[in-house]
Enquirer: 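Handing you this structure, nothing more for now.
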Amino acid sequence: MQAIRKRYFPALAEYIRGGKEASLIQANELGKQLYGLNYEEIIAVHEECIQALAANVETKDAIQLYHRSFVFLMELMVASRFKLEVDAAGEIVELPVDRKITEIREKIVRSSRSFEEEKNKYENILQHLDSGIALFDSDGFLLFINVQMAKVLDIPRKTLAGRNIKQILLHRKLNIQTRRTILRLYREIFLKRNRYYEFQHKDGKHLLATVTYGDQLDGDFLFSVKDVSEYKQIEQSAMQNDKLAMLGKIAAAIAHEIRNPLTSIRGFIQLLRPYLLEVGKEEYARIILTEIDRANDIIYEFLNSSKPSAPMKQSTSIEHLIREVVMLTESEALLRNCEISMESYHSKALVSIDIKQVKQVILNIVKNSLDAVEEVQSERRGRIDIVLTVNGQYAEVLIKDNGKGIDKTTMGKLFDPFFTTKQEGTGLGLSVSYRIIRNHGGTIRVDSEVGSGTKFIIYLPLAE
């Protein structure tokens, strides 16, 4: 039966997909190869194959698919010619044609009812799973694919059933990036025999692919893909907290070790300043003091990134705070040929925050946006939009620029301490901002597209 099914399934699938006369001729040829086989066995194989194909289409299309398969079956039946029956006397007799057709019709009707009951029972479960599922037989032909997996491939389900992996890769609707992903998965899972493989989809989501095979599936391969983006965010958040905790320990250890000597050096340089003035080297003293002050600033940021002071909260208007930041940065924006605009849809929104700390966060992000738009001045005029809205129990502050944008690799490290893309940056600004907003019970999210700009969204709980 398994050998018959291997020939029957691809031929039936090809006819269902295209319905071409050539496919029907193939049914006729297959019927001749099955000459003398009991028609009950043929119908059993047909039922198994049509159930596998119908599981990949919507319920409304399944009936039409079933009727189309009937034409294929009848063509094959005629070509195969049934076994002759033996009567009570031991004589070989041929069944009347009308009786043969009646028996076939009854079996197909019973098969159809049985199929509908089973299909409706399990289809909803499989189709509404949040994981993509595809089942391949031992020869690599696709037996079943659910809606979620078809969405990942971005190809209609009914055009995939009955195809092998090579035919899927050559599908005209499959884009290049997805084709490369399938080839990579095939190499990692089927050739290297890895049961798990994590990859990033074209829309930025993190997906985990798994494969199950062995005796429990009778040689078939069950391939599944699950969206693990949320788990990835939780994992990254945990790693971020671990890094910040380690940073706090380092900061506490080095703070006194570095700051105290710098204070001593600064004092002695000031004492030496009159003597340097006499020999015309006062500029040296100025440079040394400037660099010492810069070192102190870096240490101060370092200490804040490891453990920002507890927020001194008070109820205030978030709109008023944003307008103060806009006023502070407007002059610098004009010098950089950049326009800053603000829109507020909830002027009375109040938040309970440490005004200085949250102002530091917004100011830091706006300054980063100014740096980003400055790099594309030759292409377009810079623009920064700040929009205030209310989303449920949170005030939502959107800071959007039309700068150079951030690639996905950089976005994953954006809030890491000491990670920076600026030549003179310390890599602590966004790390500090992240911790401050978390201490206020809020979150920061980033969305960016290279060449188009970046959006920072700050969520702060509304005052009760």
Side-chain angles (χ1 to χ4, degrees), residues 5-6 9-10 13-14 16-17 49 52-58 122-123 125-236 239 407-413 449-450:
R5 188 186 180 284
K6 286 184 178 180
F9 184 76
E14 185 178 344
I16 293 297
R17 284 198 305 268
C49 292
L53 290 168
N56 296 282
V57 300
E58 304 299 332
Y122 297 110
E123 183 181 22
I125 298 173
L126 290 173
Q127 299 303 350
H128 291 90
L129 287 176
D130 60 353
S131 301
I133 295 175
L135 181 66
F136 292 89
D137 67 13
S138 56
D139 294 322
F141 286 96
L142 182 63
L143 302 176
F144 170 80
I145 181 169
N146 72 346
V147 173
Q148 190 62 33
M149 183 66 86
K151 285 181 180 177
V152 173
L153 297 176
D154 198 21
I155 299 176
R157 285 192 308 151
K158 59 185 178 182
T159 66
L160 290 170
R163 293 176 184 264
N164 57 28
I165 294 175
K166 182 178 179 181
Q167 290 170 332
I168 293 172
L169 285 170
L170 296 175
H171 199 290
R172 58 188 178 83
K173 291 188 178 180
L174 192 69
N175 65 56
I176 295 175
Q177 190 172 354
T178 305
R179 184 176 289 114
R180 288 174 179 169
T181 301
I182 293 174
L183 285 170
R184 190 165 67 249
L185 288 171
Y186 181 79
R187 182 175 64 250
E188 293 292 332
I189 290 180
F190 291 100
L191 298 183
K192 295 184 179 180
R193 311 297 281 184
N194 294 321
R195 287 184 178 266
Y196 306 95
Y197 184 72
E198 189 176 312
F199 64 99
Q200 196 166 12
H201 196 236
K202 60 183 180 181
D203 58 5
K205 291 181 179 179
H206 290 272
L207 302 178
L208 178 65
T210 61
V211 65
T212 305
Y213 48 83
D215 295 337
Q216 66 269 31
L217 289 174
D218 297 325
D220 293 343
F221 292 84
L222 179 63
F223 185 75
S224 65
V225 173
K226 185 175 181 63
D227 184 356
V228 293
S229 300
E230 290 186 10
Y231 301 107
K232 202 73 178 175
Q233 287 178 357
I234 293 170
E235 182 184 0
Q236 289 176 349
M239 290 176 61
D407 61 68
K408 301 221 177 270
T409 303
T410 302
M411 274 210 294
K413 303 176 182 178
E449 186 176 341
V450 176

Enquirer: Taking the side chain as every heavy atom from C-beta outward, state whether Ile133 and Gln148 have any atom pair closer than 4.5 Å.
Expert: no
Enquirer: Test your reading of the model: is there a side-chain donor-acceptor pair from Arg179 to the backbone of Leu169, 3.5 Å cut-off?
Expert: yes
Enquirer: Say you draw a straight line from CD1 of Ile168 to CZ of Phe141; how long is it, rounded to the nearest 0.5 Å?
Expert: 10.5 Å
Enquirer: When you measure from the side chain of Ser229 to the backbone of His206, do you find a donor-acceptor pair of N or O atoms at a distance under 3.5 Å?
Expert: yes
Enquirer: How close do Gly162 and Phe9 get, heavy atom to heavy atom, and via which atoms?
Expert: CA-CE2, 3.5 Å
Enquirer: To the nearest 0.5 Å, what is the distance between CG on Asp137 and CG on Leu143?
Expert: 4.5 Å
Enquirer: Nearest 0.5 Å, please: how far is CG in Leu153 from CD1 in Ile145?
Expert: 5.0 Å
Enquirer: Looking at every heavy atom in both Asp407 and Thr410, which two are closest together, and how far apart are they?
Expert: OD1-N, 2.7 Å
Enquirer: Might you confirm whether atom CZ of Phe199 has over 12 heavy atoms from other residues, nucleotides or ligands at distances under 6.0 Å?
Expert: yes
Enquirer: Does any part of the side chain of Leu208, heavy atoms only, come nearer than 4.5 Å to the side chain of Tyr231, both counted from C-beta?
Expert: no
Enquirer: Working note: Gln167 + Asn164, criterion side chain to side chain contact (heavy atoms under 4.5 Å, CB included); need CA distance, chi angles, decisive distance, verdict.
Expert: CA-CA 5 Å; Gln167 290 170 332; Asn164 57 28; 3.1 Å; yes
Enquirer: To the nearest 0.5 Å, how far apart are OG1 in Thr212 and CZ in Phe223?
Expert: 10.5 Å
Enquirer: For Asn146 versus Ser131, what's the shortest heavy-atom pair and its separation?
Expert: ND2-O, 3.0 Å
Enquirer: Could you go through Val211 and Tyr197, starting from their C-alpha distance and side-chain angles, then the distance that decides it, and tell me whether this counts as side chain to side chain contact (heavy atoms under 4.5 Å, CB included)?
Expert: CA-CA 9 Å; Val211 65; Tyr197 184 72; over 6 Å; no
Enquirer: Quick one: pull up CD in Glu198 and NZ in Lys226 and give me the separation to the nearest 0.5 Å.
Expert: 13.0 Å
Enquirer: Roughly how far apart are Lys173 NZ and Ile155 CD1, rounded to 0.5 Å?
Expert: 8.5 Å
Enquirer: Would you say Leu170 has more than 12 foreign heavy atoms packed within less than 6.0 Å of its CG?
Expert: yes
